[in-house]
There are 2 protein chains.
Amino acid sequence: MSDTKQRLLDGAMETLRKQGIAGVSARNIAGQAGVNQALIFYHFGSVDDLLVAACTAATGERVAAYRERFATVGSLRELLEVGRALHEEERDLGNVAVLAQMLAGAQHDEKLARVTAETLGMWTAEIESVLHRVLAGSPFAEMADVPGLAAAISASFVGLELCEGVDRPGAQRAMAALEQLGALLEVVEELGPVARRALRSKVSKAAARRG
Amino acid sequence: MSDTKQRLLDGAMETLRKQGIAGVSARNIAGQAGVNQALIFYHFGSVDDLLVAACTAATGERVAAYRERFATVGSLRELLEVGRALHEEERDLGNVAVLAQMLAGAQHDEKLARVTAETLGMWTAEIESVLHRVLAGSPFAEMADVPGLAAAISASFVGLELCEGVDRPGAQRAMAALEQLGALLEVVEELGPVARRALRSKVSKAAARRG
DNA sequence: GTCTATAGCTGGATAGAC
DNA sequence: GTCTATCCAGCTATAGAC
């Protein structure tokens, strides 16, 4: 990978971070990367294609960096703790913001939508594998839709990041509330058989209502 | 309110809906509204100010329209059901998408950030008041941070909307998983005193860890 | 209040020198 | 591979006729 290509990939991410999807342009990215604007078209063909390439490359790196940390998680509470730490670090690095901006842009950009779905999928798959491990042998494992739960967690983090940008105290309170919910789930895991049966029945009924 | 001003307000929302925050421009909005582009500056001063005005006006209308429906909610499960119905309707109308685009734009636009925080706050306040009513007399009421929970629910809906744009099946599965979680909370509400004490203790410990 | 016209800028993208 | 120069479209915003 030539130095210029790498600088452009980094510059694209940095621009998305600092200026958002509305601020992405060939000139902004080239300025951030410290290279000539025309090189974007020489190396990547278009701004859109550079953005796609940059998102693909960046996410692979981040997920790999966190895989190790996810591997140490052994309970729901720990998952939420690691999740919060991860969210805070990634937020400070600006990476959750990048994903949020990608998602916003992807709503009206087919190519960006494809790569963003992949990016999101990488995180969700990581969360899902942790959930499977953490929920092994718990009453949830037999009734919960683990992939669905993983997707819900991903989505919530994205939403929290965006909300944090306009109301930081509110978002932090929301994160704390989700941790309370995690603590609650742990208690449910330790329920006796009667309550467990009632639980399963209720959840089944809810599933039936959805059809 | 003159017809032109109203057309511009509607046109701004419609543009945000159809083209996203990156597609917002005086020409796009005026085209959508079917009026001359220069009138934006005559009536609102700038595109940014029009956007702010439009968001303010539109949200007030939507929240008022749903207040009645929220008022009939009497349980957590019902809240999730109304929430899902509301989300589907608002999604089809494109209103959640508008909020998501506003949040994305607000990350790098001070004026938009202020009005978006207000918009988000209106929805969160509505959810919060329902939560207070629904949780009255339940074990949650004494320990849960209801405003935090309301903020978490708002944030999750925003995240789900964005994720739905790139992975609809995944987002729908996530929504279903959240409903399972709601069914679960209802069971917890019916716990006996022993489990309830254990629950409170766990949640307190989690709170202490957060410091 | 609404229009046309336009200034002045920034955008994507390309041609062609080196 | 990288640069300069440039085209043309689209952008915000204003001036001035009506």
In whole angstrom, what separates [X]'s [atom1] from [N]'s [atom2]?
X: Asn28(B); N: dA13(D); atom1: CG; atom2: C1'; result: 16 Å
X: Ile29(A); N: dG11(C); atom1: CD1; atom2: P; result: 11 Å
X: Leu8(A); N: dG12(C); atom1: CG; atom2: P; result: 13 Å
X: Asp48(A); N: dG12(C); atom1: CG; atom2: C1'; result: 12 Å
X: Phe44(A); N: dG12(C); atom1: CZ; atom2: P; result: 15 Å
X: Lys5(B); N: dG1(C); atom1: NZ; atom2: C1'; result: 12 Å
X: Leu50(A); N: dA13(C); atom1: CG; atom2: P; result: 11 Å
X: Asp3(B); N: dG1(C); atom1: CG; atom2: P; result: 12 Å

For dG1(C), does OP1 or OP2 lie under 4.0 Å from any side-chain N or O of Ser2(B)?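 So the side-chain polar atoms of Ser2(B) never come under 4.0 Å of the phosphate oxygens OP1 or OP2 of dG1(C).
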
Respond yes when some side-chain nitrogen or oxygen of Ser25(A) is under 4.0 Å from OP1 or OP2 of dG11(C), and no when none is. yes

Going by atom types alone, do Tyr66(A) and Glu89(A) pair a side-chain donor with an acceptor below 3.5 Å?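 Yes, a side-chain donor-acceptor pair sits under 3.5 Å.
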
Can a side-chain donor-acceptor contact be found between Gln32(A) and Asn28(A) if the only test is distance below 3.5 angstrom?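 No donor-acceptor contact under 3.5 Å links the two side chains.
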
Any donor-acceptor pair under 3.5 Å joining the side chain of Arg27(A) to the base of dG11(C)? yes

Let's see if you can work this out: which of [options] has an atom nearest to the side-chain heavy atoms of [X]?
X: Ser46(B); options: dT2(C), dA13(D), dA5(D); answer: dA13(D)
X: Ala38(B); options: dA15(D), dT2(D), dG1(C); answer: dA15(D)
X: Phe41(B); options: dT12(D), dC11(D), dT2(C); answer: dT12(D)

Is NZ or CZ of Lys5(A) both nearer than 6.0 Å to the six-membered ring centre of Phe44(A) and within 45° of the ring axis? yes

Sugar-phosphate only, base, or nothing, as touched by Val47(B) at under 4.0 Å among non-hydrogen atoms: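 Since only primed, P, OP1 and OP2 atoms lie under 4.0 Å of Val47(B), the category is sugar-phosphate.
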
Using the salt bridge (Lys or Arg N to Asp or Glu O under 4.0 Å) rule, collect all pairs that involve residues 95-106 of chain A, keeping only residues at least two apart or in two chains. none

Ion pair Arg114(A)/Glu110(A), N-O distance below 4.0 Å: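 Looking at Arg114(A) and Glu110(A), the cut-off is met.
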
Starting at the 5' end of DNA chain D and moving along, which residue's nearest nucleotide shows up first, Tyr42(A) or Asn36(A)? Tyr42(A)

